[in-house]
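Everything on this sheet refers to the single structure shown next.
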Amino acid sequence: MTAVQSTPGPAQAIDAPRSPYRRSKPTRTNFELYAWLFMRMSGVLLVVLVLGHLFVNLMLGDGIHQVDFAFVAGKWASPFWKVWDLSMLWLAMLHGTNGVRTIINDYAERNGTRFWLKMALYVAFALTVVLGTLVIFTFDPCPIGADIDASALPSFCPAR
Amino acid sequence: MARETDATPESTAGAIPSFDVTVRIRRYDPEQDESPHWEDYKVSVHGTDRLLDALHIIKWEQDGSLTFRRSCAHGVCGSDAMRINGRNRLACKALLKDLDPSKPITVEPIKGLPVEKDLVVDMEPFFQSYREVMPFLITSGHEPTKERLQSAHDRERFDDTTKCILCAACTSSCPVFWTDGQYFGPAAIVNAHRFIFDSRDEGADLRLEVLNDREGVWRCRTTFNCSEACPRGIQVTKAIAEVKQALLTRKV
């Protein structure tokens with residue numbers, strides 16, 4: 001009556017039924033919240049910035065025929081357009097990159113694929129943003145220097 | 001067959017029209033099949049029959065190996081959610097005459113959860129995310145000596161999300177859930193919503209913290225699949241949006 005009852009255990013080779021479902025670790029940050037909010041706010045700003053950009057370039061003045069090197073040089077002579085184009089570049093790149101990031105998260109099925117796709121995305125983002133920012137800040141239509149061929153400069157430069 | 005003899009006395013006046021329908025079921029027997037395959041069954045049914053009745057005829061009279069879940073058979077227990085003609089519905093609430101019986105009616109297990117046999121899926125991932133949002137009353141302080149009273153207005157706030165029967169029709173209709181099953185899913189968020197907006201509950205912050213996760217409400221793409229799939233007509237996407245709003249303003 002008091003004999004210890006031995007419970008028959010499952011065979012060693014068989015997995016325990018319903019092994020626990022593996023969830024990824026909780027993140028405990030507000031990153032996704034801010035990313036979600038950023039998408040909405042940058043979206044609204046981009047509508048204004050991009051439509052403004054298209055209107056000024058393609059509708060005002062001579063329209064599409066005015067866009068040439070001199071036109072761009074003229075626009076970037078003013079700090080207003082520098083700031084406009086810089087914010088357009090950064091907002092569009094962040095907005096687009098975050099959008100593609102969520103698409104990768106939604107559609108990539110393996111963690112490895114997800115990681116490498118996102119790495120490629122971030123490298124493309126960094127290259128575009130660095131190059132674009134560099135051009136906006138260092139753009140000089142009339143560079144001055146000894147090794148510069150004056151005849152190659154645009155016609156509106158004083159050195160010519 | 002027994003069914004047909006039952007029907008003959010009625011076939012004079014006020015008879016229920018009966019018709020033949022082809023049910024195309026996604027069969028999978030893990031002990032024999034390498035992968036799931038379609039199989040057609042022809043059944044003679046009445047105009048008042050639901051898809052569940054057709055499944056019963058198949059199981060009881062044609063192929064006893066057909067496996068599916070059902071308990072109450074009246075749209076309350078939430079056992080028989082399946083993908084019917086490509087849409088998640090309860091088999092016990094889908095009338096055959098509404099499913100275009102002129103064409104084969106396709107029946108598949110709900111997507112995104114591992115299939116165990118035929119129409120039976122492993123619901124564990126679904127229930128695990130349900131448990132993680134703590135779907136129970138959290139309070140502090142002394143127990144009241146009578147019921148925890150609540151005004152009709154306060155009750156109204158979360159009335160819609162109390163209707164959930166955990167059938168998984170919404171979660172398994174969500175494209176974000178299909179990918180890797182890590183997303184908490186509409187059902188877990190609906191059940192979190194039910195307590196987050198309950199004036200008697202004090203655990204809203206805990207639940208909001210859980211749903212602020214990478215796999216939480218921010219993975220919702222508002223495709224409205226869940227709202228369309230819900231057999232109880234819960235405005236699921238709206239509930240998710242309200243949780244998002246509560247997270248943004250930290251106010252419930």
Side-chain angles (χ1 to χ4, degrees), chain A residues 10-11 13-47 91-122 125, chain B residues 30 111-114 116-117 120-134 168 171 174-185 188-189 192 205-223 225 240-241 243-251:
Chain A
I14 302 170
D15 277 343
R18 311 217 176 234
S19 53
Y21 168 65
R22 220 170 295 259
R23 258 198 164 289
S24 53
K25 279 204 188 84
T27 44
R28 303 253 173 260
T29 63
N30 282 331
F31 179 78
E32 292 294 335
L33 184 152
Y34 291 130
W36 187 89
L37 205 59
F38 172 80
M39 290 304 268
R40 269 85 200 148
M41 303 208 308
S42 62
V44 171
L45 277 175
L46 277 169
V47 166
L91 286 175
M93 283 308 291
L94 283 168
H95 186 94
T97 305
N98 191 40
V100 178
R101 181 184 72 90
T102 54
I103 291 172
I104 292 173
N105 278 343
D106 284 359
Y107 285 95
E109 290 187 5
R110 278 192 299 269
N111 283 336
T113 327
R114 186 170 292 158
F115 176 81
W116 287 113
L117 281 174
K118 278 201 252 185
M119 279 303 126
L121 174 71
Y122 296 152
F125 167 80
Chain B
K111 273 181 88 168
L113 294 162
E116 294 197 326
K117 189 182 178 189
V120 173
V121 295
D122 181 4
M123 299 280 279
E124 193 46 36
F126 172 78
F127 283 120
Q128 180 158 348
S129 37
Y130 172 60
R131 284 192 293 268
E132 273 173 50
V133 298
M134 296 174 278
T171 295
C174 177
V176 177
F177 184 78
W178 292 339
T179 311
D180 58 1
Q182 291 290 333
Y183 175 40
F184 273 92
I189 299 170
D205 283 342
L206 292 171
R207 294 190 190 89
L208 287 175
E209 201 49 56
V210 171
L211 292 178
N212 196 23
D213 187 83
R214 188 177 54 200
E215 309 295 347
V217 286
W218 307 116
R219 280 203 85 175
C220 169
R221 306 276 167 266
T222 54
T223 56
N225 280 18
I240 298 175
V243 175
K244 282 179 188 166
Q245 200 64 40
L247 267 167
L248 285 170
T249 57
R250 285 287 168 178
K251 213 162 54 190

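Chain letters run A, B, ... following the sequence lines, proteins first, then strands; residues in each count from 1.
Heavy-atom contacts from other residues, nucleotides or ligands closer than 6.0 Å to OH of A:Tyr34 number 12 or fewer.
The closest side-chain donor-acceptor pair between B:Asn212 and B:Trp218 falls under 3.5 angstrom.
With a 4.5 Å cut-off on non-hydrogen atoms, A:Asn111 does not touch chain B at all. Proximity to chain A involves both the backbone and the side chain of B:Glu209, based on heavy atoms less than 4.5 angstrom apart. Neither the backbone nor the side chain of A:Ala35 comes within less than 4.5 Å of any heavy atom of chain B. In this structure, chain A has heavy atoms under 4.5 Å from both the backbone and the side chain of B:Phe184.
Partner of B:Val121 under the side-chain contact (heavy atoms from CB on, under 4.5 Å) criterion, chosen from B:Met123, B:Lys117, B:Glu124: B:Met123.
A pairwise comparison of heavy atoms in B:Ala192 and B:Arg207 identifies O-CD, 4.1 Å as the closest pair. The minimum heavy-atom distance between A:Arg101 and A:Leu121, with the atom names listed, is N-CD2, 3.7 Å.
Note: B:Arg221 leads B:Glu215, B:Lys244, B:Arg221, B:Glu132 in heavy-atom pairs under 4.5 Å with chain A.
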